[in-house]
Every structure is written in structure tokens, then in C-alpha cells.
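Heavy-atom basis, side chains included; hydrogens, waters and symmetry copies ignored.
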Amino acid sequence: MKPPFERPLTMEELGALPDEGIDFSDIPELTEEFFRNATIVYPERMKKHLSLRLDPDIVAFFKREGRGYQTRMNAVLRAYVDAHKPK
């Protein structure tokens, strides 16, 4: 399958694309039942303090969303770990 673009697009370029061109066929519809059964999962409050070196663009990406960027980073890492746990 050939990628739709010659190179990965920037966030600005993606934002400028018309919505009509978005293929939603592989995304399930979020129904009322989904939201009735959905639960919010908060990270545990007991966290380990450490020093971590990250690429500047990674930090900038999370900081652009504002306050709570470290919690969002933790949530991304949590999702990765949970997805890779043995079944």
C-alpha cells in the first residue's frame, strides 16, 4: 500500500487538509452504549521521582497542551506498558 503523501505531514499541514478527505472507515462509531460503559482511568498518585533526558521536540509537543504535560507523558507511557504486558 502506497502512503498517501511523499513525506510525513506537519501538524499544520494536517490541520489544513479538508475534512472531506478523511477516511473514517476503520474507526468504529462511538455510540451511546460506548459512553455508558466507558470509565475514566486516573494514574496512581504514588509516583517515583527521577531525572529523565528527552528530545527537545518531545517535551515541546507535550508542553504545547499546557499544564499537566508530565501527567500526559506518564499516561502515554502507561498505555504503552499496558499494551505490551503478557496476556
Side-chain angles (χ1 to χ4, degrees):
M1 175 181 258
K2 182 180 183 248
F5 301 100
E6 295 293 322
R7 61 174 172 71
L9 300 180
T10 65
M11 294 303 286
E12 291 77 21
E13 290 169 326
L14 285 171
L17 292 175
D19 290 347
E20 296 78 34
I22 300 173
D23 177 12
F24 294 105
S25 64
D26 62 341
I27 303 172
E29 185 176 341
L30 298 181
T31 63
E32 289 292 326
E33 181 181 1
F34 170 84
F35 287 103
R36 262 195 310 277
N37 296 321
T39 58
I40 298 174
V41 178
Y42 294 101
E44 295 179 24
R45 292 291 173 204
M46 186 69 128
K47 296 181 181 172
K48 182 168 179 62
H49 182 84
L50 65 110
S51 177
L52 178 66
R53 293 180 187 273
L54 300 169
D55 294 334
D57 62 319
I58 300 294
V59 176
F61 175 86
F62 283 93
K63 278 189 167 184
R64 273 196 301 269
E65 296 296 316
R67 189 173 163 89
Y69 74 95
Q70 291 174 327
T71 299
R72 285 189 298 281
M73 288 175 155
N74 187 73
V76 169
L77 291 170
R78 165 65 48 217
Y80 181 88
V81 169
D82 290 347
H84 289 83
K85 284 182 181 175
K87 303 278 186 241

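Under the rule for a side chain to side chain contact (heavy atoms under 4.5 Å, CB included), the partners of Leu30 that lie at least two apart in sequence or sit in another chain are Phe34, Phe35. The side-chain hydrogen bond (donor to acceptor under 3.5 Å, both in side chains) check on Asp26 picks up nothing, with sequence neighbours excluded.
Checked by atom type and distance alone, the side chain of Glu13 pairs as donor or acceptor with a backbone atom of Thr10 at under 3.5 Å. Arg72 places no side-chain N or O within donor-acceptor distance of the main-chain N or O of Lys63, the cut-off being under 3.5 Å. With Asp55 contributing its side chain and Asp57 its backbone, the two residues share no donor-acceptor pair below 3.5 Å.
Counting heavy-atom neighbours within 6.0 Å of Phe61 CZ, excluding the residue itself, gives a total of 12 or less.
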Could you go through Val76 and Asn74, starting from their C-alpha distance and side-chain angles, then the distance that decides it, and tell me whether this counts as side-chain contact (heavy atoms from CB on, under 4.5 Å)? CA-CA 5 Å; Val76 169; Asn74 187 73; over 6 Å; no
Check against side-chain contact (heavy atoms from CB on, under 4.5 Å), Leu52 and Met73: CA-CA 12 Å; Leu52 178 66; Met73 288 175 155; over 6 Å; no
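Taking the side chain as every heavy atom from C-beta outward, Arg78 and Val41 never approach each other to under 4.5 Å. Proximity of Phe62 to Leu54: side-chain heavy atoms (C-beta onward) are nowhere separated by under 4.5 Å.
To the nearest 0.5 Å, atom OG1 of residue Thr71 and atom NZ of residue Lys47 are 4.5 Å apart.
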